Amino acid sequence: MIRTKPLQPAFKSKPNFITHSFLLHHLSFSQASLHSNSFPNRSKYEKVNNLDDAFNLFDEMTQRQPLPSVFKFNQLLTAVTKMKHFSSSLYLFKQMCVNRLPIDACSMSIAIKCCCRLHRTNDGFAVLGSCFRRAIVPNVFIYSTLLDGLVIEDRIVEAERLFKKIIKHKLCEPDVVTFSTMIKGLCKFGNNDIAIGLLRLMDERGCKPCVVAYNTIIDSLCKDKMIDDAFKLFKEMVFDKHILPTVITYNSLICGLCKLGRWDEASKMLKEMEDVRISPDLVTFNILIDAYSKEGMVDEAEAVVKIMVERGECPDLVTYNSLIDGYCLRGEMTKARSLFDSLTSRGLNPNVITYSSLLNGYCKSLKIEEAMLVFHEITRKRLKPDVVTYNNMIQGLLRAGRCGAARKLFDEMRAQGQIPNQCTYGIILDGLCNNQQVEEAVSLFHLAGDSKLSSNIVVYNILIDGASKCGKIDIARALFHDLTIKGLQPNVRTYTVMIGALCGEGLLDEAKHLFLKMDKSGCLPDNVTYRVLLQGCLKNQKYNDVEMLLQDMDGRGYSLDATTLSLLIDHVATGSVDRSMLKLIGRLVPKELMDTPS
DNA sequence: CTAGGGTTAG
């Protein structure tokens with residue numbers, strides 16, 4: 001399976017004051033990075049920095065007598081390709097072909113790269129065919145580029161086939177780039193172990209793994225939240241293989257740590273990279289800004305922006321998109337809007353991500369009309385709403401109770417060629433349930449006929465929760481039964497939602513039974529499970545298990561949230577829960593709740 | 001001499 005973002009975020013801890021003040025302090029006082037943007041030895045063929053110049057130079061070159069060398073043409077193609085004008089580069093290449101201008105393997109590999117980056121890898125293979133017709137022997141550059149094209153298009157089976165063919169038929173000698181590309185493909189499909197195996201294999205074949213090969217796997221492990229494995233590989237790279245990490249290595253690790261809420265370690269890595277004289281770059285700062293924004297700590301995020309500017313880095317669209325999203329998450333739509341409006345004066349054009357963030361912010365703030373305006377603005381700016389945009393808008397409409405409009409947009413999205421993903425269905429099912437339409441939700445779920453959807457435990461969690469919220473405990477039970485029949489494994493959330501549903505109906509014995517069952521089936525109840533069951537006990541005046549639950553929580557290092565705590569205190573006050581439990585309760589109160597007087 | 005691989009945003 002290709003890696004996708006989870007439908008539900010992982011539990012994270014907030015950065016404490018010490019960590020982030022250290023982090024900011026540390027960054028602002030370390031030495032500024034050096035910049036060198038001068039390229040004194042570039043010829044005019046690689047110096048072109050806009051398309052017009054490139055085309056003019058090309059025309060002039062084609063008329064020269066004698067013709068410039070293939071080397072000069074390749075330099076020009078490279079320059080255009082570096083500007084990411086892949087179509088133009090391909091156009092020039094085609095002109096070279098039809099006009100019998102000089103072409104070699106290098107020109108071919110540039111053309112193939114352009115095809116691949118345009119998601120036209122098949123055309124890349126057509127260029128490979130033309131190599132044979134022109135008696136140009138395809139080399140390792142050409143095959144590695146084609147391999148990358150297949151990986152870019154998620155054609156992993158074909159990528160593996162090509163890779164094996166290269167080795168078996170000795171099409172070329174695979175080098176460190178060929179291996180790294182295959183490793184990237186494996187990682188993209190979650191095969192980290194096989195990727196590590198390939199890392200070992202290349203070493204055995206006498207092709208020494210380099211920092212890129214390691215980075216690829218380290219980053220993939222970080223994205224899969226296997227950060228400890230990532231560090232294992234990092235240490236192996238540095239200490240056993242004596243390969244120096246780069247800023248990209250650190251960026252991946254810091255990003256992974258931030259996303260897991262491991263702020264103190266992220267801060268430690270920042271310090272470490274400065275120690276080894278690697279300056280944080282634009283991406284490093286963007287990672288920190290995004291992490292702070294997602295924690296709702298926009299002030300700290302803005303502080304990082306200030307520091308990066310002081311250090312000579314120019315905030316880009318990624319920077320501002322993170323900030324805008326941060327303000328949206330806090331519901332500070334005025335700030336989000338003014339930041340959005342300031343983009344053009346900063347020379348930045350909002351993209352579909354910017355618009356979707358803003359739209360989502362308005363939806364979450366229940367300003368559905370504003371959200372619709374933003375939605376229409378997207379097409380007016382000749383951008384295309386994508387799946388995420390539609391998902392956000394549909395969610396907003398459902399929240400506003402406008403089921404009909406949501407339905408219409410769902411149809412429109414498919415008409416526009418945007419394929420609904422699992423997230424879309426999750427949003428719609430949840431929305432229908434919240435609009436008292438569980439039956440519709442369940443039938444849509446069965447109607448969707450998507451095998452991945454019907455085996456998605458998160459979707460079951462949504463439906464069970466929704467059924468319970470609508471007071472349809474029978475439907476909730478049936479769904480829970482249905483998933484076990486299918487051989488699906490309920491997760492903590494499934495159990496918790498079901499236990500909550502049973503508690504809500506006063507079915508405490510059944511809830512307790514399920515609670516014991518989950519533990520037995522190896523699914524450990526989490527913090528939330530305990531809180532839900534505890535609330536169920538209290539609300540239904542079943543006090544027998546309260547002390548045992550509290551003791552369990554203490555033993556597991558769990559804590560109480562504000563709601564459960566105040567409910568408990570109420571019951572102690574009325575005498576239904578014994579005062580002797582106060583000491584135990586006190587131990588379960590997290591520091592944050594102690595500090596904030598409410 | 002020119003060509004291929006690794007990091008950040010909804």
Side-chain angles (χ1 to χ4, degrees), chain A residues 5 41-43 45-46 69-79 81-82 89 102 104-114 116-117 124 139-149 151-152 172 174-185 187 209-220 222-223 245-256 258-259 280-291 293-294 315-326 328-329 350-361 363 385-392 423:
Chain A
K5 287 203 173 166
N41 294 323
R42 292 198 311 171
S43 78
Y45 304 96
E46 41 188 330
S69 66
V70 63
F71 171 70
K72 299 272 189 270
F73 280 102
N74 288 344
Q75 278 190 319
L76 183 61
L77 283 184
T78 306
T81 308
K82 286 228 164 79
S89 183
D104 65 1
C106 180
S107 339
M108 292 289 188
S109 78
I110 297 171
I112 291 171
K113 176 182 169 160
C114 291
C116 292
R117 299 295 283 264
N139 59 18
V140 64
F141 286 85
I142 287 174
Y143 284 114
S144 300
T145 310
L146 285 167
L147 188 66
D148 193 44
V151 171
I152 287 173
C172 65
D175 67 5
V176 61
V177 178
T178 325
F179 277 104
S180 300
T181 306
M182 193 62 242
I183 285 173
K184 179 178 74 171
C187 288
C210 61
V211 64
V212 176
Y214 272 98
N215 280 355
T216 308
I217 306 178
I218 287 172
D219 184 67
S220 176
C222 287
K223 288 203 166 65
T246 66
V247 65
I248 297 180
T249 324
Y250 280 99
N251 285 347
S252 288
L253 289 168
I254 290 170
C255 184
C258 286
K259 290 221 157 91
D281 64 0
L282 174 66
V283 175
T284 322
F285 288 116
N286 281 346
I287 289 166
L288 297 174
I289 290 161
D290 188 61
S293 296
K294 285 207 169 55
D316 64 357
L317 191 59
V318 178
T319 319
Y320 288 107
N321 278 349
S322 291
L323 281 175
I324 290 171
D325 201 53
C328 286
L329 289 174
N351 62 11
V352 66
I353 298 181
T354 327
Y355 282 105
S356 298
S357 270
L358 195 65
L359 180 153
N360 193 38
C363 286
D386 63 13
V387 184
V388 182
T389 323
Y390 280 107
N391 286 353
N392 288 341
C423 212

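Each chain gets a letter, A, B and so on, in the order the sequences are listed, and its residues count up from 1. Predicted, not measured: the structure shown is a model, and the values here were computed from it.
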Touch class at under 4.0 angstrom, heavy-atom based, for A:Thr145 against every strand present
sugar-phosphate

A:Asn74 has an atom CG; how far is it from atom C1' of B:dC1, in whole Å?
11 Å

Within the structure, does a side-chain N or O atom of A:Lys82 lie under 4.0 Å from either OP1 or OP2 of B:dT2?
no

Looking at A:Lys294, I'd like to know whether one of its side-chain N or O atoms comes within less than 4.0 Å of OP1 or OP2 on B:dG10.
yes

Going by ring-ring contact (aromatic ring centres under 6.0 Å, His included), name the residues that satisfy it together with A:Tyr143, two or more places apart in sequence or in a different chain.
none

Please identify each residue that fulfils ring-ring contact (aromatic ring centres under 6.0 Å, His included) with A:Tyr250, with sequence neighbours left out.
A:Phe234

Does B:dA9 have its OP1 or OP2 closer than 4.0 Å to a side-chain nitrogen or oxygen of A:Lys259?
yes

B:dG4, OP1 or OP2 - any side-chain N/O from A:Lys113 closer than 4.0 Å?
yes

Check every atom of B:dG5, B:dT7, B:dG10 against the side chain of A:Lys184 and return the nucleotide holding the closest atom.
B:dG5

If we count only N and O atoms by modelled type, under 3.5 Å, do the side chains of A:Thr178 and A:Asp175 hold a donor and an acceptor together?
yes

N or O in side chain of A:Arg117 less than 4.0 angstrom from B:dA3 OP1/OP2
no

Any luck finding a side-chain donor-acceptor pair between A:Thr389 and A:Asn392 under 3.5 Å?
no

